[in-house]
Amino acid sequence: MIKVVLNKKISPRIANGHPWIFSNEVNRLEGEPQAGDIVEVFSHDGKFVGKGYINQRSQILVRLLTRNRAEQIDETFFFNRIQNAWNYRQKIGYSENCRLIFGEADLMPALIIDKFNDYLVIQTLSYGMEVWKDAIVRSLQKIFSPKGIYERNDVPVRELEGLEQKKGFLSEPFDTSIIINENGLKFYVDIENGQKTGYFLDQQDNRRAIQHIVKDADVLGCFTYTGTFEIHAAYYGAKSVLGLDISENAVAQATRNAELNNLQNICTFQAMNAFDVLKQWGKDGRQYDVLMLDPPAFTKSREHINKALSGYKEINLRGMKLIKPGGFLVTSSCTNLVQPEMFLDTIYAAAKDAKRTLRQVTFQAQASDHPIIWGIENTNYLKFLIVQVM
Ligand code: SAH
C-alpha cells in the first residue's frame, strides 16, 4: 500500500482527530498513487496515523477514513459506517427525515446523504468518495430498501477534485417531487431541482423554536425558499405572515407548500429582493411583531469574510428597524467561515447602531442530525439566534 509520511513540524490538528491532510503537511510519498487510492499515513517518526483516500489534484491531499490499521476499506466498511450513522440518528430521535451522513462528522469525509422518508439524496464531493459511490448505493439499498436514490452532484466543488458536475437517478427512476412531514406540517421537496439536496433539513429543529413568539403576531420572513419558517409561523398561530424570496421559483414552491397545509389565507409570499425591501419598508415605517432572516451564505471563501459580515450587519440592522418595541428577531447564518462569536458580535453591532437593546431568547446551531464534532471546525456551521428587540 502507498505510504504518506508527514512532516515533523505540523499543527496538532491531525493528531487531535481532524481527518484532512494538506499537501504542505506531507514530507514524502512512497509509491505512485492514482486519484482515489487508499493510502496509509505515518508520522515523521514512523507511527501509523490512519488510512484514507488520496487525490493529488486536491488541496486536501488525503482524507482519513479510519485510525485503525486493521480496518479494511471495502464495501462492508461503508455499510457499517452508514448503519452506525442511522443508528445514531434514530437514537437521538430522528426517523422520517434526517441528514443521514454529514461527511466528516460521520467519519466519511466529503459524503452527504439526506433521507427524505423513503427517498435518499446523495452527494459524493471528492474523488475518493466517488470511487465508492456504487458500494454506498448498494449499502443504502440493503439498509433502507428505499423507493428511490438520487445523486445531486451538480456542485462546483467537485471540479476542484477533477470530477464532473452531474445529477440523476442511482435507482429506478421515480417522481422527484415528494412530500415530507416536519413538525406536524407537510412540505414538498423537489429532489431534482431544489437547492442543495432539495430542502434544508438543517433548520428542522430550529423551526420549532419560534412556536411561542409568533402567536397572534404579524410576521415578516426574508429568504424564505420553500417557506418553511413562515408556514411554521402560521401553524403556530401568527395573525399574518409574509415571506419574501428573490427567486420566483422559491415563491411558487412556498405558495404551494402553504396550500398543502391549508394556511394560504394567513401565509403569503412575494418575489422581492430582501436588501431593497428592508431598506424601503424601514423608511415607510412598516412595523412587525416578528422578523425572520435566513439568508444564504454570503461568502464561500475566507478572504471575503468581511463582505459577509457587512451583509449580515446590514440586513439585521435594517431588520431591527422594522420590529416593534418588544418584538422578536429570528436570525440565522449558515456559513462555517463566520464563527458563532463573530456572528453574535455582528448582531450586537447592528443593535448598537439601531439603538436597540437585545434580550436573548435562544442561540442554537444546526439540527442535531448534523452533528458537531469538537475539533472539526467546519462541522459547526449554522447559527440560529432569537432575540427580543427592546
Ligand atoms: N429559510 C429557508 C432557507 C433559505 S435559503 C429554509 O428554512 O428552508 C436562502 C434563500 O435566500 C434562497 O431561497 C435564495 O433564493 C434567497 N435569496 C438570496 N438572495 C436574496 C435576496 N437578496 N433577497 C431575497 N431572497 C434572497
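In each ligand, atom 1 is the first atom listed, and ligand 1 is the first ligand listed.
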Does Met292 have a heavy atom less than 4.0 Å from any atom of ligand 1?
no
Donor-acceptor contacts, no H, no angles, side chain residues 229-236, under 3.5 Å, sequence neighbours left out:
residue : atom : partner : partner atom : Å
Glu230  : OE1  : Thr224  : OG1          : 2.6
His232  : ND1  : Thr228  : O            : 2.7
His232  : NE2  : Asn183  : ND2          : 2.9

Where ligand 1 meets Pro296 - atom numbers and elements under 4.0 angstrom, heavy-atom basis:
9 (C), 11 (O), 18 (C)
Under 4.0 Å from a heavy atom of Ile246: which atoms of ligand 1 are those, numbered in the order shown and with their elements?
15 (O), 17 (N), 18 (C), 19 (N), 20 (C), 21 (C), 22 (N), 23 (N), 24 (C), 25 (N), 26 (C)
Would you give me the side-chain donor-acceptor pairs under 3.5 Å for residues 303-311, sequence neighbours excluded?
residue : atom : partner : partner atom : Å
His304  : ND1  : Ser301  : OG           : 2.9
Ser310  : OG   : Asn306  : O            : 3.4
Ser310  : OG   : Lys307  : O            : 3.0

When you measure from atom 13 (O) of ligand 1 to each heavy atom in Leu244, Asp245, Asn206, which option holds the nearest one?
Asp245
For atom 23 (N) of ligand 1, the protein heavy atom that lies nearest, with its residue and separation
Ala274 N, 2.8 Å
Atom CD1 in Ile60, atom CD1 in Ile54: separation rounded to 0.5 Å?
13.0 Å
Residue pair Glu130, Arg158: steps toward the salt bridge (Lys or Arg N to Asp or Glu O under 4.0 Å) verdict
CA-CA 10 Å; Glu130 178 73 14; Arg158 296 233 322 165; 2.6 Å; yes
Can Ile213 be reached from Leu220 by stepping across I, L, V, M, F, W or Y side chains whose heavy atoms are under 4.5 Å apart?
no
In this structure, atom 3 (C) of ligand 1 is nearest to the protein heavy atom Asp294 OD2, 3.3 Å
Tyr53/Tyr127 aromatic ring centres below 6.0 Å:
no
Using a strict 4.0 Å cut-off to heavy atoms of Arg207, name the atoms of ligand 1 that fall inside it.
6 (C), 7 (O), 8 (O)
Output the list of atoms in ligand 1 that are nearer than 4.0 Å to some heavy atom of Asn273, sorted by atom number.
21 (C), 22 (N), 23 (N)
Under 4.0 Å from one or more heavy atoms of Phe275, ligand 1 contributes atoms 22 (N)
